[in-house]
Amino acid sequence: MAYIEFEHIVKEYKTGETSIRALDDADFQVEKGELAVILGASGAGKTTALNILGGMDRASSGRLVVDGEDITSYNKKQLTTYRRSSIGFVFQFYNLVPNLTALENVELASQVCQDAFDPSAVLDKVGLSDRKNNFPAQLSGGEQQRVSIARALAKKPKLLLCDEPTGALDYNTGRQILQLLQDTCRIDGITVIIITHNSAIAPMADRLIRFQSGKVRDMRLNPDPLPISQIEW
Amino acid sequence: MKAYGKDILRSIAKGRRRFFAIMLITVLGVTMFSGLRAACGDLRLSADRFYDAQDLHDIEVMSTLGMTDKDISALASLDGVKDCQGVFELDTDLSDGKGGKVSIAIKSLSRSGIDRPYLTRGRMPKKNSEAVVTSRFLSDTGLSVGDSFTVVEKKKEKSSSSKDEIDLSEEGVKLKNKEFLITGCAVDICSINNSQDSMTYRDMNTENDTAFVWAEAFDSSVYTSALMTLDGAGELFCYSDDYKSKILRFEDLIAENVMEKREKERTQEVVDQASDKIEDAQKKADRKLGKAKTKLEDAQSKMESELKSSKDDLDAAKRKLDSGSASLTKGEADLKKAQAKADKKFADARKKLKKAKKTLDKNEAALKEGRKKLKEGKKKVDASQKELDEKKKKAMESLGGAGTLPDAQITQMQKKFEQAQGQIDKAYAQIKEKEKKLDEAAKKLAKGRRQYEANKKKVDAEEKKARAKLKAAKKEIEKNRAKLKSARAKYESGKKEYESGAEKGHSEIESAWDKYYDKEKEAKKKIADAREKLKDIETADWYIQDRISLGGYSNVRSDADSIEGIAAAFPVVFFIVAVLMSLTTVTRLVEEDRSLIGTYKALGFTDREIRRKYEIYALLSAGLGCLIGTAGAFIVLPSIIFRIFHIMYLIPDYYLSFAPLYGLLGPCLFMGGIFLAAVLACRGELRETPAVLMRPRAPKAGMRVLLEYITPVWRRLSFLNKVTARNIFRYKKRLFMTIAGIAGCMALLMFGFSIRDSVNDLTPRQYEETYRYDVMAAALPDDGKKLFSYFKGNRDIKDFMKLQISSASIKGSDNVLSIQLMVVPDEADLEKYIGLKNLKGKKLSLADGRVYVTRNAGSLMNFQGGDTIKVQLADLKLAKLKVTDMAENFLGNNIYMSRSTFEKYFEKYEENAVLANFSENVKDHEAWGKALAKKDAVQTSVTTAELTNSFSKSTALINMVVYIVIIMSACLAFVVLFTLSTTNISERERELATIKVLGFYDREVHLYINKETLILTLLGIVCGLPLGAAFARMLAVMLTLPDIYLASSLHPVSYALSAGLSFLFALLVNVIMDRTLDQIDPVEALKSVE
C-alpha cells in the first residue's frame, strides 16, 4: 500500500443534462517522503486532483487513501480535521489574509494546530526574517509566496501540496521557491506534491505524474532527481 | 491576542460604514421598543412620588349627612391608619368686580399635612383670612398673588317645595369671613391635570378653581369628607396591584367595622336635631299666629268705624241731590209751557201776515196784468195811429202828387181820417183813465205793502225777543242740569268709592282672616309634615372612595396606557427591518470574504471558528447599538416626552427610571435577532468546499424577464432600459427587500398622517355633525329661570332648548370615568342641537326609558349596548342604568336620557342648562358666549366656536406622536435604502467598473443604478398605499384616549405626501450613493484572481 493511493477517482460536474468530468478515472500513487510533480496542460485535472488530495473537495467516485486512512469516506468534520492537521497547502495566488501581517498569517496556522512550529522560526527558515511585520500588500510576489509556504509548513503537515507555486513568479524567484520546497522534502522528510505546467522542472521530481483530459496519462519514477540548482530552463 | 482575533477587529475597522448601519438601526429599534414605555413608566413613577411627597389621601369617606368628629375618630381608631383628618369643601362664587361671578371651591388645609398643596409661588397662608389658590383660579379670576377676593355665598340648594317646609336638613358648610388675601399659588394634589389653556371637553361642571384656607376659617362642625392615609401605602407604588388590593382590603375593613354603626348613630343625631327644630318651629309659629290674630282684630274694628262715618256723609249728599233734581224738573216743565205759548202766538201772527201778503201779491199781480193790458192797448192804438198817419201821409202825397182828387173824395178821406183819429183819441182817453185807475190801485197797493212790512217787522221783533228770553231760560236750566249732573256724578263716584272701599276693606279683612286661617292651617300642616318627614329623614349613607375617583390619578394611568398602546406596534416593524438589514449586510460581508473563507477552510479552521468572525461582528455592532439605544430609550426619549407631560400635568418633577424587563428584553431581542441573521448569512457560504470557495462565485446567470415576451413594449425600450429591466428582476432579494422596506416606510408615514388627519377631522365631526348647537350654558344651582330669561325673546337666539346637565361618574371595578349627564325634556326635539346617532349611523330616540352612552366611555370602561353600568351623581346618588345603545361621539363623554327616564332612576329633575342656536345677528359667537358666562346666574357658557378654536392647544400629545412617527419612518426608509444600495453596488462592482472602462460618463453610471432604485421605490410606494390605508384604519383601535375617539380618516393629500416623502428619501439616498459610485476605481475593481 502506497502512502497515497489515488484510486479510480472521478470528479463530475453536472449542469442540466451535460456533465463535465474534471477527473475521469484518475489513478496514481505517491510514497512517503517523495517529491512528486504533477504535469499537464490547463484543464487536465491537476488542481482538481490536488484539491481532493488536500481534502478541499470531494470525489464523485473512487477511493483515496492517505497513510492508511480512507479520505473519501470522511464526513465534513473529519475532512476539516484532516486539513487541519495533515495538510499544508500552497496556492498559486498565495491567498494570504490581507488584514494580517506575515507573522500573523503564519500564526493563523499555528493556531489551528496543537503541535506547530514557532511561526517566527518558520519565517526565518523561509528567509523572511525582516519581513515579519509587513502586510501582504507590502510584500512582493515571492515574499508572499514564501509566507504562504511558511504558513503551510508551520503546521507540521504530513503532506505539502503546492498548486503551481511559481506560476506568478519570475524565473529566479521561482527557482528559490522550488529550492525551498525541495529542501523541505529532503531535509524535513515531508511528502511534497507540486503541480506545474512547466515540464522543465520534471527532473527535480522523485515521481512524475502526467495528467491529460482528467486521466493519468503516465506515471514514472525518477531514481535520480536533480537539485534545482542544476536545472536550467 | 491571537491572529484570528486581530483579523476580526481589523475587518470591522475596515468595514466601518456597514458596522455603523447595523448599529444605527439597532439604536432606533431599541429606542422605539423601550422608549415610549419608559416614558410612561416614568410618568406613573413621578406621579406616585409627587403623591407621596404631598401625602395624598389613600381613602376618602363621604356621607350624605356629612362627617362629624365622632366619625373621624371612629375611622382613626382602625388598625393600620396612618392619619385621618376631616376636611371642609365649599362650592361658592366670587364676584369678579365686573358684575359677574366665577364659581370656585374652597377647601380646608389640615394641620397634619394630608393632601398638602404644592406651593409654586408665594407662601402658605398663616391667618384665617389668607388663602393659597390654584393657577387656574388666578387665570379665571384675573387676580394675582397679593390680591384679595370676596366670597358670595351661594344659597343652599333647596328643593322646589321647600318654601313651605321646615328645613330639617343640616346646616351647610359656612365660612366665618368672606374676604381672603391670596398669599401664594399652589398645585392641588387631588387634581393634577393642567387644565389651563386646554378646553375641557370633559364635563361642564369640572374641577372648580380652588382656594385653600385653614380649617379654622370655616364655621361648621360637620366636615365635607374624611381623608385617610394608610400605614405602608406610601411605600407601595400607587399604580401597582399591591397598592390596589391593600386599599380595597381597607375599604372592606371600614365597611365592616365602622360604616354601619356610624351611619346609624349619625342618622339618629340628625333626627334628634330635627325634632328639636320642629319643636322650636312650633313654638315660633304659635307666637307668630297669636300676634297676627290680635293685629287683625284691631284692624277690623278700625275699618268698620271708618266705613260708618263715610256712609253718613254720603247719605247727606244724596238728599241734597234729590231736592236739586226735583226743582230742576219743575223749571223744565215751566219752560216748556212758555215755549209752547210763544210758539202759538207767533204762529198765528205769521199766519195773518201770510194771508195779508197773499192778498197784496194778488193785487200786485192784477195790477201788473192791468198795466200790461193797458200797454198792449196803447201799443195797438199807437200802431193805429201810426197807420193812420202813414195813410195820411200817403194820401197827402198822392194828393200832392197825382193831381187833384175830387174834394168829396178828399173830404171823405178827411172824415175817415178824422173818424179814425177820433177813435184813436177815444182809445187814448180810455187808456188814460185806465191808467189813472191803475195808478190809484198801485198807490193803495203800495200802502198796503208798507203796512204789511211794518207788521211783519213788528212781529219779527217780538218773536225775536220772546225767543231770546226763552233761550236764556233754557240755558239756565241747562246750566243747572249740568251742575246737577256733576253733583250727581260726584256723588256716584263718592258712592262707588265708598262701596269699593267698603268692599275692599271687607275683602281685605276677609282675606286677611283667610290668610290667617290658611297660615294657621299651613303652620299646622308644616309641623305635621315635618313630623312625618322625621320618619323619612335621610339616613346617613357612607361613600368610600379612593384615588381612582381623582381626575389626575386616573388620567395618568389611562394616558400612560394609551401611549403604551401606540408603542406596541412600532418596535415590531423596526425589529423586522433591523433583522433584515443585518442579514443583508452580513451576507454581503461574507460574500466579499469568499476566498478568504476558502483559505481559512483550507487551513483547517472549523465552520464554527470561521463563523465566529461574523458573529462577533454582528454582536459587537448590535451590542453597541443596544447600549446607545438603551440610553436613548430611558434617558433621551423620556426627556423629550416629559416636555409634553409638563403641558398635560402639574407634576413638578419627572424622574427617569429603568425598567429591567423592557430594558433588557429589547436589547436581547435585537442582539439575538441580528446574531441569528449573521449565522444565517454565513450558513450558505460555509457549506461549500474550500475549493469552490476559492474560485470566484459564478456570476448570477442572466435570464429573460417577463417583460421581454411583450414584444411591442420590449422593442421600444432603449438598450439601457432593457438592461435596467433585466437588472431589476435579477437581484430578487434586493427587489423584495426594497419593496418591503419602502412599503413599510409608506405605511408608517401614512399612519402618522392619518393620526393628524383624524385629529383635524375631529372638530368638524364633533362640532358640526354631532354637537349642532352653537352655545351651551349651565346655570348656578337654583338659577335656572334667570338663565332662561337671557335666551327667551332674545333676537340673537334663533332657537333654544332647556335641559338638565349634571356631572356624573361611571363607576367601574377598576376605575372611575367622569362623564356629563344630559337629561332632555320628554317632548323636546334634540335634533337641532345634538345629532344623536348610534355607531352605525342610525338616529336614536330617547323615548321609552332609553339610555345612551357615548362610545369612548364604553371602550374605556369596557361595556357596550345592553350592559348595565353604575352611575353616580355629584350628590352621591347611585343608580344602575341599562345602556340601550352606544352613541357616536368624538370628544368628551355623555350619557343621554329623557326626563321621565331620569326621574325613574334618580328622582329630582331640574332644568339648569340651555342648548341654543344663534341667529344671523350674532357674528362673533365666542364673544357672545364669553359675555354670557360673566352674567349673573350663569355657571358656565361655552360656544362650539370657542371649543373649535382652542382645540388645537390640547392636542400636543397627538402632534408629538405624529412627528415621532414621521421622523422614525424617515430614518427607517433611509436606512433600508442606504443599506440595500450599498450592498447592491458592492455586489456589482465589477459590472460597474466594466462600464466605466467602456467609457460611461459618471452621470451615466449614476443613472444606470439610480433608475433601478427609483423604479423599485415606485413599486414599493404602490404596494405601500393599501398597506398604509389598512394601518390607518386600525388607528382608532390602537389609540384610545379617554376623552377622544379618533375616528380614522386619511385625506388624499396625505397619500400624496407619504408617497412624495418616500420618493424624496430615495432620491436623497441616490445622491449619496452617487459619491460611492464615483469612488469605484475600475483598475482595482477589475483585478482578477485568476
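We use all heavy atoms of the structure for the numbers below, so side chains are in, but hydrogens, waters and symmetry mates are not. Lettering of chains follows the sequences in order, A, B, ..., and the numbering in each one begins at 1.
With chain A as partner, the option from G604(B), A691(B), A13(B) having the largest number of non-hydrogen pairs under 4.5 angstrom is G604(B). The most heavy-atom pairs under 4.5 Å with chain A, out of R10(B), E609(B), K601(B), come from R10(B). Annotation: maximal heavy-atom pairing with chain B below 4.5 Å, among T80(A), L108(A), T101(A), occurs at L108(A). No other option in V97(A), N51(A), T81(A) has as many heavy-atom pairs under 4.5 Å with chain B as V97(A).
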Test Y4(B) against L100(A) for side chain to side chain contact (heavy atoms under 4.5 Å, CB included), laying out the working first.
-> CA-CA 9 Å; Y4(B) 187 54; L100(A) 300 176; over 6 Å; no
What do the steps show when you test M56(A) against M694(B) for side chain to side chain contact (heavy atoms under 4.5 Å, CB included), and what is the final call?
-> CA-CA 10 Å; M56(A) 297 207 300; M694(B) 285 191 294; 3.6 Å; yes
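Interatomic distance, R83(A) CZ to F605(B) CZ, rounded to the nearest 0.5 Å: 11.5 Å. For the atom pair OG1 (T689(B)) and CG (L79(A)), the distance works out to 9.5 Å, reported to the nearest 0.5 Å.
Contact of L603(B) with chain A is made through backbone and side chain together, with heavy-atom distances under 4.5 Å. If you measure heavy-atom distances from D57(A) to chain B, the contacts under 4.5 Å come from both the backbone and the side chain. For E688(B), no part lies near chain A; criterion is any non-hydrogen pair under 4.5 Å. Heavy atoms of R608(B) lying under 4.5 Å from chain A are absent altogether. Using a 4.5 Å cut-off between heavy atoms, I87(A) makes no contact with chain B at all. Residue contact with chain B, scored on non-hydrogen atoms closer than 4.5 Å, is absent for Y82(A).
Between the side chains of N99(A) and K14(B), at least one donor-acceptor pair of N or O atoms lies under 3.5 Å.
A salt bridge does not link K77(A) with D607(B): every distance from a Lys NZ or Arg NE/NH1/NH2 to an Asp or Glu carboxylate oxygen is 4.0 Å or more.
Under a cut-off of 6.0 angstrom, the local environment of NZ in K76(A) is crowded, with over 12 non-hydrogen atoms contributed by other residues, nucleotides or ligands.
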